[in-house]
*Asks:* 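One structure is given below, represented as structure tokens, and several questions about it will come after.
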Number of protein chains: 2
Amino acid sequence: MGGTLLYAYRNQAGVWAGRARDNEPVAAEEKAKKRGVGRPRRLEPEAIVATARRILEEEGVAALSMRRVAKEVGTTPMALYHHVRDKDELLMLTLAGTAATVPRPELPADPRARLLAVTLHMHGTLARMPWVVEVLSLGDLTDKGALWMVEEIVGAGVECGLTPVEAVRAYRTLWHCVYGDLVFRRAMERRAEEPDRKRYFPDMLTDADAAELPHLAALADSWAELTEDYDVARQLGAVIDGLLAQAGRPE
Amino acid sequence: MGGTLLYAYRNQAGVWAGRARDNEPVAAEEKAKKRGVGRPRRLEPEAIVATARRILEEEGVAALSMRRVAKEVGTTPMALYHHVRDKDELLMLTLAGTAATVPRPELPADPRARLLAVTLHMHGTLARMPWVVEVLSLGDLTDKGALWMVEEIVGAGVECGLTPVEAVRAYRTLWHCVYGDLVFRRAMERRAEEPDRKRYFPDMLTDADAAELPHLAALADSWAELTEDYDVARQLGAVIDGLLAQAGRPE
DNA sequence: ACCTGAACACCGTTCAAGT
DNA sequence: ACCTGAACACCGTTCAAGT
């Protein structure tokens with residue numbers, strides 16, 4: 001079945017992906033050494049991921065290319081494809097282990113306060129790791145070290161009277177608030193760095209528009225200020241109050 | 001000042017960008033015709049933007065390239081740079097006018113219900129225009145036709161007792177909820193299309209992890225289902241309740 | 001089993017020149 | 001004023017071959 005050499009190579013890539021999952025980073029390697037089978041590896045998969053992560057940390061997702069990683073670890077671009085299936089997989093692998101680099105904070109005993117504290121910890125951590133936010137938009141929860149936060153949020157939600165299902169939904173809503181804030185905060189910063197690029201709102205408002213948009217027209221002058229003053233903690237507090245008020249309410 | 005021909009060309013690009021802002025799409029053109037000055041234009045700026053928008057609608061942001069737009073409007077890539085400053089500007093220009101293609105819905109008189117209705121309208125509209133969500137992550141509010149939604153949200157918030165400033169913050173929070181939901185809904189759909197790509201959570205949980213993450217372990221089996229069952233309307237309702245409860249509370 | 005080299009089919013953008 | 005052509009410095013990935 002599909003028995004070309006190429007297919008066998010693909011399976012090897014699968015093995016490496018599996019290693020990231022079951023946390024046994026040297027098992028396959030040792031096996032190969034013990035068996036004395038195959039060519040000795042010149043390229044350590046860990047080096048690929050570490051280099052990719054460094055580029056992401058220093059310069060962001062846009063700067064990461066397979067060719068650049070290859071150059072910096074000292075191989076050809078194609079050697080990488082032996083260890084990862086494609087660029088997306090490499091991006092996912094860079095995520096593993098990042099949460100463990102941040103110390104786990106002391107959390108308040110009160111469940112409502114804990115809910116807010118964990119959510120703010122997520123926000124604060126990711127604000128300092130903007131590349132993680134970019135990679136996370138690909139979708140998956142891949143870093144096991146980050147799961148304690150989800151566990152705490154769901155647990156605190158349940159302690160506050162939510163059903164487990166409601167608590168998971170609450171987690172997702174809080175995550176949307178955190179993620180949205182981080183994305184648009186970054187977008188603002190990027191635009192601030194390019195001062196010649198035109199700002200559209202509220203500058204584009206004409207007098208005719210102002211008549212139809214009275215509230216926005218009144219706020220136009222302070223809009224920039226308002227955008228900067230957005231206080232995540234305060235807003236998340238309000239969102240949590242709303243989510244917890246669901247407790248015991250019929251579906 | 002900077003008096004090379006090249007600088008003059010750049011200014012022309014500036015003129016076109018300005019036209020999008022002050023809604024006088026033919027002024028510069030007519031002036032040129034009247035004056036009989038310069039070479040007659042072969043390439044209509046509107047055609048560039050329209051073609052770009054068609055590609056975005058049909059195939060998404062990843063499929064849009066300057067070279068492809070150029071080919072489809074029948075010019076060279078470089079001709080485009082006469083009408084837009086760069087690819088980012090072209091993306092922003094495609095946004096203008098999209099909100100006007102969606103009929104404005106009837107809204108309930110009750111301000112709390114109106115808040116929810118407008119937010120859901122935003123969500124529903126953008127769910128049908130995934131490319132807009134992708135472009136919006138660049139940051140700016142560029143489509144004047146979309147401002148009535150912000151106005152309604154701020155207005156309804158004020159009617160519910162929020163200060164204008166609180167109402168703007170509430171708008172941003174609601175926008176984060178809408179945007180986050182759309183981003184991760186899309187990510188889920190994309191991953192569903194590639195069935196061979198491995199799912200990480202909750203499959204990566206070992207028994208040891210399960211002991212430390214009791215709530216997540218208990219929910220592991222129903223996780224996929226839970227993710228699909230997320231009901232935006234219900235969650236936005238809860239968020240709105242929380243945001244409105246801020247009314248009258250000290251800062 | 002692991003790696004290389006050449007190639008394919010692309011990118012955004014600059015520069016100098018043409019009409 | 002508007003457009004072209006060639007070029008620069010890149011991409012992700014496939015394929016066939018080498019050890």
Side-chain angles (χ1 to χ4, degrees), chain A residues 2-16 19 28-45 47-48 52 55 59 61-91 138, chain B residues 3-16 19 28-45 47-48 52 55 59 61-91:
Chain A
T4 68
L5 268 177
L6 244 180
Y7 271 75
Y9 296 167
R10 287 258 154 237
N11 289 341
Q12 177 52 24
V15 167
W16 157 235
R19 280 161 61 192
E29 216 166 299
E30 277 176 0
K31 220 192 279 172
K33 265 185 201 151
K34 251 180 228 154
R35 291 212 326 276
V37 163
R39 179 168 164 171
R41 61 186 344 135
R42 221 182 61 86
L43 185 59
E44 292 304 319
I48 298 173
I55 295 171
E59 301 173 53
V61 174
L64 188 99
S65 72
M66 298 301 272
R67 294 174 117 105
R68 171 135 179 229
V69 172
K71 190 187 280 179
E72 298 204 11
V73 295
T75 26
T76 58
M78 282 318 298
L80 305 181
Y81 285 87
H82 246 274
H83 304 280
V84 297
R85 142 193 300 219
D86 56 19
K87 194 184 173 183
D88 265 30
E89 188 172 278
L90 178 55
L91 282 171
L138 297 175
Chain B
T4 68
L5 267 178
L6 243 183
Y7 272 75
Y9 296 168
R10 287 260 155 237
N11 289 340
Q12 176 54 25
V15 167
W16 156 234
R19 281 159 61 194
E29 215 167 301
E30 276 177 1
K31 222 193 275 173
K33 266 187 200 152
K34 249 178 226 156
R35 291 211 326 276
V37 164
R39 181 166 163 171
R41 65 188 338 137
R42 221 182 62 86
L43 185 60
E44 293 304 321
I48 297 173
I55 294 170
E59 302 173 52
V61 174
L64 189 101
S65 74
M66 298 301 271
R67 294 174 118 103
R68 168 129 183 236
V69 172
K71 190 188 278 181
E72 298 205 10
V73 296
T75 23
T76 60
M78 281 320 297
L80 304 181
Y81 285 86
H82 246 272
H83 304 279
V84 296
R85 141 194 301 220
D86 57 19
K87 193 183 172 182
D88 264 30
E89 187 171 280
L90 179 53
L91 281 171

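Naming convention: chains lettered A, B, ... in sequence-line order (proteins, then strands); numbering from 1 in each chain.
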*Asks:* Over all heavy atoms of both residues, which pair between A:L64 and A:A52 is shortest? Give the atoms and the distance, please.
*Replies:*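 Heavy atoms only, the tightest pair is CD1-O, 3.5 Å.
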
*Asks:* Write down the distance between NZ (A:K87) and P (C:dC11), rounded to a whole number of angstrom.
*Replies:*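 For the pair A:K87 NZ and C:dC11 P, the rounded distance is 15 Å.
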
*Asks:* Could you tell me how far apart B:H82 (NE2) and C:dA17 (C1') are, to the nearest whole angstrom?
*Replies:*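 The distance from NE2 of B:H82 to C1' of C:dA17 comes to 12 Å, rounded to the nearest Å.
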
*Asks:* Within less than 4.0 Å of OP1 or OP2 of C:dC3, is there a side-chain N or O belonging to A:H83?
*Replies:*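 Result: yes.
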
*Asks:* Where each pair must be Watson-Crick or G-U wobble with both distances under 3.5 Å, what dot-bracket representation of DNA chain C is obtained, with crossing pairs in [ ] and other-strand partners as |?
*Replies:* ||.|||||...|||||.||

*Asks:* Return the value, rounded to whole Å, for the distance between atom CZ of B:R67 and atom C1' of D:dA7.
*Replies:*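 The answer, rounded to whole Å, is 10 Å.
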
*Asks:* Take the protein atom CZ of B:R85 and the nucleotide atom C1' of C:dG12, then report the distance between them rounded to whole Å.
*Replies:*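 From B:R85 CZ to C:dG12 C1': 15 Å.
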
*Asks:* In whole Å, what is the span from the CD atom of B:E44 to the C1' atom of D:dA1?
*Replies:*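 Atom CD in B:E44 sits about 14 Å away from atom C1' in D:dA1.
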
*Asks:* Using the salt bridge (charged side-chain N to carboxylate O under 4.0 Å, His left out) criterion, which residues pair with A:R67? Sequence neighbours excluded.
*Replies:*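 A:R67 satisfies salt bridge (charged side-chain N to carboxylate O under 4.0 Å, His left out) with no residue once adjacent residues are dropped.
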
*Asks:* What is the separation between atom CZ on A:R68 and atom P on D:dC11, rounded to the nearest whole Å?
*Replies:*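 One finds 8 Å between P of D:dC11 and CZ of A:R68, rounded.
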
*Asks:* Which residues in residues 69-80 of chain A have a heavy atom closer than 4.0 Å to any atom of DNA chain C?
*Replies:*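 Residues of residues 69-80 of chain A under 4.0 Å from DNA chain C: A:T75, A:T76, A:M78, A:A79.
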
*Asks:* Would you kindly give the CD-to-P distance between B:E59 and C:dC11, to the nearest whole Å?
*Replies:*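 Checked: the CD to P distance equals 11 Å.
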
*Asks:* Please state the C1' separation for the pair C:dA1 and D:dA17 - nearest whole angstrom.
*Replies:*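 Rounded to whole Å, the distance is 15 Å.
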
*Asks:* Categorize B:L64 for me: base, sugar-phosphate, or nothing, with a 4.0 angstrom heavy-atom threshold over every strand shown.
*Replies:*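 Since only primed, P, OP1 and OP2 atoms lie under 4.0 Å of B:L64, the category is sugar-phosphate.
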
*Asks:* Testing the basics here: between A:H83 and A:E89, what is the closest heavy-atom pair and its distance to 0.1 Å?
*Replies:*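 Here A:H83 and A:E89 meet closest at O-OE2, 4.3 Å.
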
*Asks:* Whole-Å distance between D:dC3 P and B:M66 CE?
*Replies:*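 Rounded to the whole Å, the gap is 14 Å.
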
*Asks:* Give me the atom names and distance for the closest heavy-atom approach of B:M66 to B:L80.
*Replies:*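 For B:M66 versus B:L80, the nearest heavy atoms are O-CD1, 3.2 Å.
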
*Asks:* For the C1' atoms, the ones on C:dC10 and on D:dC8, what distance do you get once it is rounded to whole angstrom?
*Replies:*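 Looking at atom C1' only, C:dC10 and D:dC8 are 15 Å apart.
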
*Asks:* Atom OH in A:Y81, atom CD1 in A:I48: separation rounded to 0.5 Å?
*Replies:*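 The distance works out to 11.5 Å.
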
